[in-house]
Amino acid sequence: MTFFKICALIICYFVSRAAFSANCETYTGFSQKEKVCWENSIKGWISKSCLKKECKASLFFKKPQARPKLPVNSGGKNPDAMICHQLKLPVVILKDSKNYEQSFCIFDDKSVVSSDAIGRHVK
Amino acid sequence: MLLKFSFVLLFSFSSAWATNCAPKNFITEPNSPFQKIPVYDQDGIGICYAYAASQLVDYHLIKNGAQSRTVHPVWAALSYAKELEKKNQSQTQNLTSGNTKETIDALVKSNCSYDIVNRSLGIWAKKANVTDAELVYFLETYIGKYHELYKERTSKSGGPITERDIITLFNKTRVEAIQKCSWFATWEQLLPMLKSLSILTAPDMIAGLLAPECTPTVAPLNLPKIQSKYLSSNENKILGQISSQMDKLNAPVSISYCSKFLSEPEHVGIAKRSIFKQPVLTQECEPHESVIAGKKTTVNGCSLLIRNSWGSAFSDWTKNKKCLCRNKQTGAFVDDCSISTHNNGRFSVEGCWVEEEQIKKNAYVMTSIGN
């Protein structure tokens, strides 16, 4: 009986860990590495450090933001990245483990968030 | 007998109008070259034509034995700009908006490997002790200032740009960068390189800065004929034209189109098509170029799989579309995935399906590699 109890406890431990473990990845640029995690509330990738304590990137999503007026898009620029540029947020292209690229917007405190999440949030 | 004749007549007419849209997916097919060509994100740089060109070239090379991708899209854009300058067609050195066929032609003359370009960027970022974004910001600012001075000197015959000018420009850029970038940046590490470049134009400067290793050794690419043509003036033939070219080459093609329809499905970008002239675009048209990596028949006709260069996430353009996703863990493909069901961090967007009517109203040029 005790054996079964221990087994149940071990299973519970791993199940709870799996439930709370974040989906995190290391994205790389040509010189930098950035640990980002999937944040379901914004449906996008955000700096891992923002999960532990509040950062400028997470604060951005705390209140509604006005959509900046975009210039005419010539040459097929990424509209989400253009929003970041209009908001005066620098943009960096980072790659996942398969080298797939994604533009990230950088905040003053160096926290980053994927541009698609920014694009969806501004209205 | 009359009935039989009518049936045959009816059948031949209906097959003449129907688009041949036999399903094809160049991303999911076994050993697809696309497995070695990532989905790109072109950020706020308007060089979509270079992203399309690099993917078409890489697809062809990998299909014919290359082990990895070869072409860096930024290098493709620079090669194109340099060729334009040689022909004296471009006084502005503005990389935004270009021609996919001419970009591939330029690459044939002066390619530089993807790894060298990427490594060079990394070396410069490390030398200057800055992040990728800071380096790009610095270079954009510097090159912008350089270009203004170049225009001023050539228009007023003010003499050549001297080393002293370069130092002045460099210092002005550094002052601006201090407000935006890291305090620990060592921009002066870039100065010797900027001074040593025998430069006249911005594309030459970036090319020299990014990849000096490529300048002396030009590795020509071996490619078959590049084809580029305006799509049919009869919009009912456009899908058939694209579809049959993909079948004939057994390879993806790229199309030029007005991109607004990606977020506004009813958008019409082509004002008028005519047989002998190029199509007239509406004022609202925002020209873009993407690779078409597949086709299939749906209830709405022939749908094309657009492999865009706007990143691998579910962004605004993927809204209300069926897409092709890849499971990041297993690599398995999921067709007809959507933002409402698969935007959970576990999938990358490979491309999205766009409908026949939208292509008819917005696409105008097709480019492909091969006879």
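Proteins get letters first, then strands, A, B, ... in listed order; numbering begins at 1 in each. Just so it is clear, the model here is predicted, and its values are computed rather than measured.
- Looking at A:Asp108, there are no atoms closer than 4.5 Å to chain B (heavy atoms on both sides), in backbone or side chain.
- Ranked by heavy-atom pairs shorter than 4.5 Å toward chain A, the options B:Asp316, B:Asp43, B:Asn308 are led by B:Asp43.
- In this structure, A:Glu101 contributes its side chain and B:Asp41 its backbone to a donor-acceptor pair below 3.5 Å.
- A donor-acceptor pair is defined here as one N or O able to donate and one able to accept, closer than 3.5 Å; such a pair exists between the side chain of B:Trp310 and the backbone of A:Gly76.
- The NZ atom of A:Lys77 sits 11.0 Å away from atom CD1 of B:Ile47, with the distance rounded to the nearest 0.5 Å.
- In this structure, chain B has a heavy atom under 4.5 Å from the side chain of A:Asp80, while its backbone stays farther away.
- Among B:Asn344, B:Leu262, B:Thr318, the residue making the largest number of heavy-atom pairs under 4.5 Å with chain A is B:Asn344.
- Between chain A and the residues B:Lys319, B:Lys36, B:Glu350, the most heavy-atom pairs under 4.5 angstrom are made by B:Glu350.
- Residue with the most contacts toward chain A among B:Ser259, B:Pro287, B:Ser263: B:Pro287 (heavy-atom pairs, distance under 4.5 Å).
- How far CD of B:Gln35 is from NZ of A:Lys98: 6.0 Å, rounded to the nearest 0.5 Å.
- Neither the backbone nor the side chain of B:Gln283 comes within less than 4.5 Å of any heavy atom in chain A.
- Remark: the backbone N or O of A:Asn23 is not paired with any side-chain donor or acceptor of B:Arg346 at under 3.5 angstrom.
- Chosen from B:Ser309, B:Gly311, B:Ala50, B:Ser312, the residue pairing most often with chain A at heavy-atom distances under 4.5 Å is B:Ser312.
- The local environment of NZ in B:Lys126 is sparse, with at most 12 non-hydrogen atoms from other residues, nucleotides or ligands closer than 6.0 Å.
- There is no side-chain donor-acceptor pair under 3.5 Å between A:Asn73 and B:His288.
- Separating the CG atom in A:Asp116 from the CG atom in B:Asn343 is a distance of 7.0 Å, to the nearest 0.5 Å.
- Looking at B:Ile339, only its side chain comes within 4.5 Å of chain A, counting heavy atoms on both sides.
- Looking at B:Ser348, the atoms closer than 4.5 Å to chain A (heavy atoms on both sides) all sit in the side chain, from C-beta outward.
- The structure places NZ of B:Lys328 at 10.5 Å from OH of A:Tyr100, a figure rounded to the nearest 0.5 Å.
- The part of A:Glu25 that comes within reach of chain B is its side chain, from C-beta onward, which places non-hydrogen atoms under 4.5 angstrom from that chain.
- Among all heavy-atom pairs drawn from A:Asn78 and B:Gln42, the shortest one is N-CG, 4.3 Å.
- Ranked by non-hydrogen atom pairs under 4.5 Å with chain B, the options A:Asn40, A:Asp96, A:Ile106 are led by A:Asp96.
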